[in-house]
Amino acid sequence: MIFFWAFVIGGLICVIGQIMFDVFKLSPGHTLSILVVSGAILDGLGLYEPLIDFAGAGATVPITSFGNSLVHGAMQEAEKHGIIGVITGMFEVTSSGISAAIIFGFIGALIFKPKG
Amino acid sequence: MLTGHRTWIFENNPVIISTGTVGGPFEANGNIPHAFNILHDDMWLEQASFEKAQQMMMEEACQYALKNSSIQKEQVSFFISGDLINQITPTSFAAKTIGSPYFGLFSACATSMESLALAAFMINANGADYILSGTSSHNAAAEKQFRYPTEYGGQKPPTAQWTVTGAGCALVAKTGQGPRITSATIGKIVDMGMTDPFNMGGAMAPAAVDTIMTHLKERKVDISYYDLIITGDLAHIGREVALDLLHKNDINIPEEKFVDCGLTVYREDQPVLAGGSGPACSAVVTYGHFLDLMKKGKLEKILVVATGALHSPLSVNQKDPIPCIAHAVSIEAGSDVT
Amino acid sequence: MKKYRITIIYGIFTLLVLIGCTNEEANPSVSQEQVNVSQISSKQIYDQKFANEAKQLLSQKENVQKVFAVNSNELLIIAIEVPHHERFQLSEINKKLSKEMDKNFKGDNLTVELATDKKIILELEELERQLQNNTISQKELNKKLKHISKLLKEQT
Amino acid sequence: MADKKKKNLPPNAQAYQDFQDKREVKRPILKNCIKAFLVGGFICFIGQLISTFYIYYFDFTEQTAGNPTTATLIFITMLLTGFGVYDRIGQFAGAGSAVPVTGFGNAVISAAIEHRTEGFVLGVGGNMFKLAGSVILFGVFSAFVVALIKTIILTWGGL
């Protein structure tokens, strides 16, 4: 069941991205930035977490979850340390995507050549 | 000799005595593999970077142009060339290898005809004996320069074009056997406010039409004077738009006489979207394919209109429109002239 | 679809009743003959009274599909599974039931944890099976439960 | 925005743009959306598989399994990018391969591989985030604003 919904919800988020590409003619950079911001706002409204519960990877794999987990990290620290935690806790939860991208990016640069 | 406002008539008939063309793997699979002197099956040409590979191709094209004639490297008066990459460094390094005095040009994809026009003008005015006029481009290097890293999975719209990997070079001389350069019209910047860098054909079409119309008017010839009007890299969309614009301006050119290098160089089933582009596109197709047809007697008079979109990644990001240009050079078969 | 769901619910229900019954049977004996159960390590296995009580309570809720529970003297961990379409309200359900359980076991000097996580479900399922088969010592059970509660705290 | 810009253009340019628009090959939006749905859904499906794998065989809960899943997906992306497959998938799937976290990984990895010829410090280091940087910037800043507002409401809102 979760697999089915992961497919559907994940696919639908991608369709939103595709519509931004094709209908509004946004560049990938703009599209992804907008999606990340909407993920953060949805989490601020408390709507993203239920979506993750429902669709699993369908909601955690799209880039929108990046905004969501940034807010989560910030909120977690804010509960402990107040306002200052908003800044210090930002990467508490979501470091994995960025660190994996950096590490594998560098390894990729070491072993691969662009194919053209 | 200047006629009209911006057309040169070359009464001394500069001759293209030889040409050299180099292509990459994608071109080898294309529509006109016979047009190339050498086809590489490796995008890197065993160099350390795509830019060096492009430099290598430029050098090879010049070497083939010299080899196909009996001219020695030392006899070449000038090397006129340019490309798309940052401050045209691949061309400049190639110029270092060639060793001739060097004019570096930037006219994006119109560089090929701009350099040919300038070469013809210098020869015509007795300013030089032999001039190497060429240009090069490399698909991956251009992608990196203008768009995204080559391995980035961005989706290109159907209006996007595929930069040709290759280099084309013509050796222009005062006398000799070969097609003659009879006239040239230098283009003006035409800016229709188009901003989409993935639709260059649509942006460049008005520039091509402007140059073609000016050329016909100033040279006082009818469109039927030419066997073929060859545009540089308008591709599908640009070609259709240009054709419609010409018809709208009462220049009734039959569709089959209006060809585009960007559509000639690749097969229809290759994944090039709207068609080919890049400085090398008009250079290799004109020098390798159409001049060959001319030598075989299948063509008499052609007008090559190389179109260029003179934007940079910076200007696109700053939301500036794409300034476009087109340079036209007429080439006529001339075995009777020595 | 509906038919399918009904069979699942029915199946789960009978399963629960079965499990409940077997535990019920075991329960009175446990209080008297604990030695019998924990022969493996000469230490005693905890009475699963709390766990069974929680199970009984929760299995009556209509939005609980499956329930697993294991307890030690100071710790009771419950894991529930809800029908998929109710997962949108997962955190609310979790909160509500947690409160209910807290209230229920107030006087028992017990830390009650309720989870909906798949991992906790898996772990508890395994523990229950081991308890049933008497293949776990008290020390191990304590360790396992502590580990599960640590896993639970990792999530926000 | 595009319309506003059009108004500042001379009339002949406006006329030309309308003229050109009619001839421009339209993007096959429906087809692209279906492709994006299928590929994007498939990537999320794979993500769910990986995350289930981590839940069953390692000490990860549903929530903590997200991190190793992301890392695994990006590792797979590195291989696909390095072997020159991901850009083909991207041309086919569009947003379907750009929106999942694999697209983020691809943006970083492709830039890193591409600029290797310029050296590891200024080339790879300096250009790694030239595409993905905006995602991090806007993600972090919007999260900051959202978390700030939420904290203020929670602290002073009397909740």
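Letters A, B, ... are given to chains in the order of the sequence lines, protein chains preceding strands, and every chain is numbered from 1. Worth knowing before you read on, the calculation uses all heavy atoms, side chains too, and leaves out hydrogens, waters and symmetry mates. The model shown is predicted, which means the values in this text are computed figures rather than measured ones.
Annotation: maximal heavy-atom pairing with chain D below 4.5 Å, among A/Gly89, A/Ala6, A/Gly67, A/Gly73, occurs at A/Ala6. Of the listed residues (A/Ala100, A/Gly17, A/Ala101), the one with the most heavy-atom contacts under 4.5 Å to chain D is A/Ala101. Ranked by heavy-atom pairs shorter than 4.5 Å toward chain D, the options A/Gly82, A/Pro62, A/Gly85, A/Gly97 are led by A/Pro62. The most heavy-atom pairs under 4.5 Å with chain D, out of A/Ser99, A/Gly44, A/Gly56, A/Ala78, come from A/Gly44. Contact tally against chain A (heavy-atom pairs below 4.5 Å) for D/Val108, D/Thr117, D/Val145, D/Leu131: the top residue is D/Val108. The candidate with the highest count of non-hydrogen atom pairs below 4.5 Å against chain A, out of D/Gly84, D/Gly105, D/Ser134, is D/Ser134.
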Q: Check the pair A/Val61 / D/Thr102 against side chain to side chain contact (heavy atoms under 4.5 Å, CB included), numbers first and verdict last.
A: CA-CA 8 Å; A/Val61 169; D/Thr102 49; 5.8 Å; no
(Q) side chain to side chain contact (heavy atoms under 4.5 Å, CB included) for D/Phe138 and A/Leu32? Distances and angles first, verdict last. (A) CA-CA 9 Å; D/Phe138 285 103; A/Leu32 295 187; over 6 Å; no
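Between A/Trp5 atom CH2 and D/Cys44 atom SG the span is 14.0 Å, to the nearest 0.5 Å. Atom CD1 of residue A/Ile19 and atom SG of residue D/Cys33 lie 4.5 Å apart, to the nearest 0.5 angstrom. Put simply, CD1 on D/Ile109 and CZ on A/Phe106 are 13.5 Å apart, with the number rounded to the nearest 0.5 Å. A/Ile102 contributes atom CD1, which lies 6.5 Å from atom CE of D/Met128 (distance to the nearest 0.5 angstrom). The CG atom of A/Asp53 sits 7.0 Å away from the CD atom of D/Gln63 when rounded to the nearest 0.5 Å. Rounded to the nearest 0.5 angstrom, D/Thr155 OG1 and A/Ile83 CD1 are separated by 5.5 Å.
When side chains are defined from C-beta on, A/Val37 does not count as touching D/Phe141, because their heavy atoms never get closer than 4.5 Å.
Of the possible donor and acceptor atoms, none in the side chain of D/Arg27 sits under 3.5 Å from a partner among the backbone N and O of A/Val23.
Counting non-hydrogen atoms of neighbouring residues, nucleotides and ligands closer than 6.0 angstrom, the CZ atom of D/Phe75 reaches no more than 12 such neighbours.
For the pair A/Val86 and D/Ala147, the tightest heavy-atom approach, listed with the atom from each and the gap, is CG1-CB, 3.8 Å.
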